[in-house]
J.: 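So that we are looking at the same thing, I have put the structure below in structure tokens.
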Amino acid sequence: MDIRMTDGAERTYFLSGRLSYKDNDSFKEMISDIASGRDRTVVIDIRELEHLDSFGIGLFLVARDEAERCGNRVVVRNPQGAVQRIFTLAKLDLALTVEGPGHAAPPPPPRRVMAGAAQPQRAGLSVSAIGRDGDGLKVALGGRFTFADHDAFEDIVRAIVAHPNTRMLIDLTGLDFMDSAGLSMLLILRDEALRHGIAIELAATGRVAQLLKLASVGSLVTIRATA
Amino acid sequence: MQPLEARPVFLLVDGDIPAGLARDAARLGLGVGPFAVGMAPGTTPVLVAAATADSVLTGLLPPFAGFVDIGLGGLTPRTADAAAAGGLCLSLSTAAAYGLEPAQLLSEMVCRRFGVAGVLAEMIELAVAEAVANAIIHGNLEIRSDLRATLDGFQQFSAQLGERLGDPALAARRIDVAMFIDPEKGLVVTVSDQGKGFDIQRELTKPVDAGAKSGRGLALIRKMTRAVAGADDGRTLTMVFALTD
């Protein structure tokens with residue numbers, strides 16, 4: 001990811017490329033600046049940011065927290081395409097001040113209705129940040145995990161394979177519903193994880209545990225009843 | 001569970017009455033009128049309006065027997081029959097069906113209106129969700145079945161899904177769900193699309209191993225139902241759920 005800065009009415013940082021854990025150092029420098037002075041507004045313009053993962057989401061929240069401690073303000077401007085979808089999914093548009101859309105029309109996100117007047121949106125899948133679980137790591141899924149959550153799934157895979165050679169618990173106990181596509185995504189996730197030396201375990205209860213049992217997933221992955 | 005007695009269906013339209021809707025209704029012998037005027041006594045009302053979470057929910061709750069997306073042109077013979085027989089119908093564009101999670105709404109209605117609860121309601125929700133997903137993805141959007149077996153395949157699937165939902169002609173294709181109680185068999189649910197159709201018998205007899213990453217939907221539906229079969233050259237899936245042991 002590249003960062004460019006300009007000073008105008010406000011200081012603006014332009015992020016371009018893909019934001020991941022590799023950009024920790026450069027993002028930290030920007031955060032130091034955001035946390036200095038008082039009553040400043042700093043703009044982070046992300047119109048050229050192509051992607052961010054759960055680590056990146058965490059960084060934006062840190063930026064906001066650091067700003068608030070000094071009475072400063074962070075404004076995130078012009079999220080586009082996939083990044084805009086991630087912002088909505090992770091409810092960052094509620095946690096941060098977000099302005100947009102950008103001057104270039106984003107490609108239509110699959111979740112919006114294209115024909116007709118109505119614009120219904122699925123509630124979708126929520127994904128926690130990756131945390132510790134004993135000597136390994138864990139991530140928790142919540143809400144509904146269906147065929148429509150293909151974007152969130154790709155993000156989950158990327159976040160998980162960034163931690164090779166560990167044990168990763170995927171906590172499904174917070175899921176209200178999962179369909180066969182969600183099941184397939186879990187199996188693909190297991191394959192990708194294995195390729196990076198990551199041992200996946202699942203925690204599931206209720207109807208999700210029933211589905212896994214019906215589909216004989218227990219023969220491929222360890223499933224436990226509690227997270 | 002006894003079905004309500006059969007009554008003629010009356011379409012109540014919230015908005016300007018499209019000419020196509022009036023024609024289709026006449027062909028099926030259904031009444032049509034503006035929503036504001038209210039329903040004629042002794043008829044079963046079906047709500048026709050722009051599809052939002054609120055309007056669809058209204059159409060699925062009593063006194064209504066169903067909801068039709070106003071852009072679609074009215075009821076089909078299956079949905080009209082279900083509504084007339086004291087059942088429930090839901091007709092949405094592909095785009096609205098993608099956005100609104102109809103299986104979740106419908107399973108709630110199955111609980112409220114037909115008294116089904118607990119594990120059975122969960123099984124109905126899953127089976128209907130699978131059938132609607134198939135109707136959207138493979139039926140109306142004509143996306144290949146075996147794409148989602150690898151991570152790369154998933155990325156292709158995401159791209160195709162986005163593209164095709166953005167094609168107004170494909171996004172406007174209809175998905176029709178009809179539900180009614182057959183006193184001999186149980187709860188009958190049909191899900192119909194406007195795609196090319198496929199050989200449901202062949203799909204049902206394909207073996208599915210534990211590690212299979214695609215094509216599991218129909219096998220699951222079969223486990224959730226008392227009976228499952230195809231109709232209309234594979235454009236309609238008919239599922240029967242036993243309501244008594």
Side-chain angles (χ1 to χ4, degrees), chain A residues 81-82 85 107-124 143-154 157-158 161 176-193 195 206-208 210-221, chain B residues 15 49-53 55-56 69-72 93-96 98-101 103-104 119 122-123 125-126 129-130 133 136-137 148-151 153-155 157-158 161-173 208-221 223-224:
Chain A
R85 289 200 288 282
R111 284 162 198 270
R112 299 243 173 83
V113 174
M114 300 321 300
Q119 301 269 325
Q121 290 223 354
R122 297 176 85 101
R144 295 172 70 90
F145 189 13
T146 71
F147 74 94
D149 298 298
H150 44 91
D151 283 346
F153 165 64
E154 290 177 46
V157 173
R158 266 187 276 269
V161 303
D176 299 319
F177 179 82
M178 186 168 81
D179 66 4
S180 68
L183 183 61
S184 296
M185 290 189 252
L186 286 178
L187 293 175
I188 293 184
L189 173 59
R190 171 189 167 266
D191 283 356
E192 288 301 308
R195 294 197 310 132
R207 65 194 304 187
V208 175
Q210 285 299 327
L211 177 61
L212 295 174
K213 189 168 171 206
L214 214 53
S216 305
V217 171
S219 62
L220 299 168
V221 184
Chain B
T52 64
S55 64
V56 171
D69 195 333
I70 197 166
L72 296 181
S93 70
T94 300
Y98 180 81
L100 289 171
E101 301 215 65
Q104 189 178 16
V119 173
E122 289 179 354
M123 285 167 52
E125 182 180 0
L126 182 55
E130 295 291 341
I136 291 173
I137 298 167
R148 290 176 286 166
T150 64
L151 193 57
F154 247 99
Q155 283 153 0
F157 168 77
S158 283
L161 187 61
E163 244 171 64
R164 294 183 191 196
L165 279 171
D167 176 337
L170 295 179
R173 282 178 166 179
V208 179
D209 64 72
K213 294 179 201 74
S214 68
R216 308 184 78 128
L218 266 179
L220 260 179
I221 291 175
K223 291 190 181 173
M224 306 280 122

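Just so we're clear, the structure is a prediction, and the values are computed from it rather than from any experiment. Any value given below was found using the heavy atoms of this structure, including those in side chains, with hydrogens, waters and symmetry copies removed. A, B, ... follow the sequence lines: proteins, then strands. Residue 1 opens every chain.
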J.: Ala133(B) versus chain A, heavy atoms under 4.5 Å apart: side chain, backbone, both or neither?
T.: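 Its backbone and side chain both get close to chain A.
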J.: So which part of Ile136(B) gets closer than 4.5 Å to some heavy atom of chain A, the side chain, the backbone, both or neither?
T.: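 Contact with chain A: side chain only.
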J.: Parallel, tilted or perpendicular: which fits the ring planes of Phe154(B) and Phe153(A), with parallel below 30° and perpendicular above 60°?
T.: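 Answer is tilted, since the angle falls between 30° and 60°.
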J.: Determine, step by step, whether Glu122(B) and Gln210(A) satisfy the side-chain contact (heavy atoms from CB on, under 4.5 Å) criterion, reporting the C-alpha distance in whole Å, the side-chain angles of both residues, the deciding distance to 0.1 Å, and the verdict.
T.: CA-CA 11 Å; Glu122(B) 289 179 354; Gln210(A) 285 299 327; over 6 Å; no
J.: Tell me whether Ser180(A) contacts the main-chain N or O of Arg216(B) through its side chain, where contact means a donor paired with an acceptor under 3.5 Å.
T.: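 Answer holds: no.
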J.: Heavy-atom distances under 4.5 Å only: say whether Leu214(A) touches chain B with side chain, backbone, both or neither.
T.: both
J.: Taking Asp179(A), Asp176(A), Thr146(A) one by one, which has the highest count of heavy-atom pairs under 4.5 Å against chain B?
T.: Asp179(A)
J.: Does a side-chain heavy-atom distance below 4.5 Å link Arg173(B) with Leu170(B)?
T.: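 Of all side-chain heavy-atom pairs linking Leu170(B) with Arg173(B), at least one is under 4.5 Å.
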J.: Chain B heavy atoms under 4.5 Å from Leu186(A): which part of the residue, side chain, backbone, both or neither?
T.: neither
J.: Taking side chain as everything from C-beta outward and backbone as N, CA, C, O, which of these in Leu151(B) sits under 4.5 Å from a heavy atom of chain A? Side chain, backbone, both or neither.
T.: both
J.: Heavy atoms, side chains only, cut-off 4.5 Å: are Arg148(B) and Ile137(B) in contact?
T.: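 In short, these two side chains touch, coming nearer than 4.5 Å.
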J.: Is Ala103(B) close to chain A through its backbone or its side chain, or both, or neither, when contacts mean heavy atoms under 4.5 Å?
T.: neither
J.: Is Leu183(A) in contact with chain B via its backbone, its side chain, both, or neither, using a 4.5 Å heavy-atom distance?
T.: side chain
J.: Please state whether the side chain, the backbone, both or neither of Glu163(B) comes within less than 4.5 Å of a heavy atom of chain A.
T.: neither
J.: Residues two or more places apart in sequence or in another chain: which of them pass salt bridge (charged side-chain N to carboxylate O under 4.0 Å, His left out) with Glu130(B)?
T.: none
J.: Pick one of side chain, backbone, both or neither for Val217(A), based on which atoms fall under 4.5 Å of a heavy atom in chain B.
T.: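 For Val217(A), there is no contact with chain B at all, as no heavy atom is under 4.5 Å.
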J.: For residues 183-193 of chain A, pull every pair meeting salt bridge (Lys or Arg N to Asp or Glu O under 4.0 Å), keeping only residues two or more places apart or in separate chains.
T.: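 Residue pairs with at least one partner in residues 183-193 of chain A: Asp191(A)-Lys213(B), Glu192(A)-Arg195(A).
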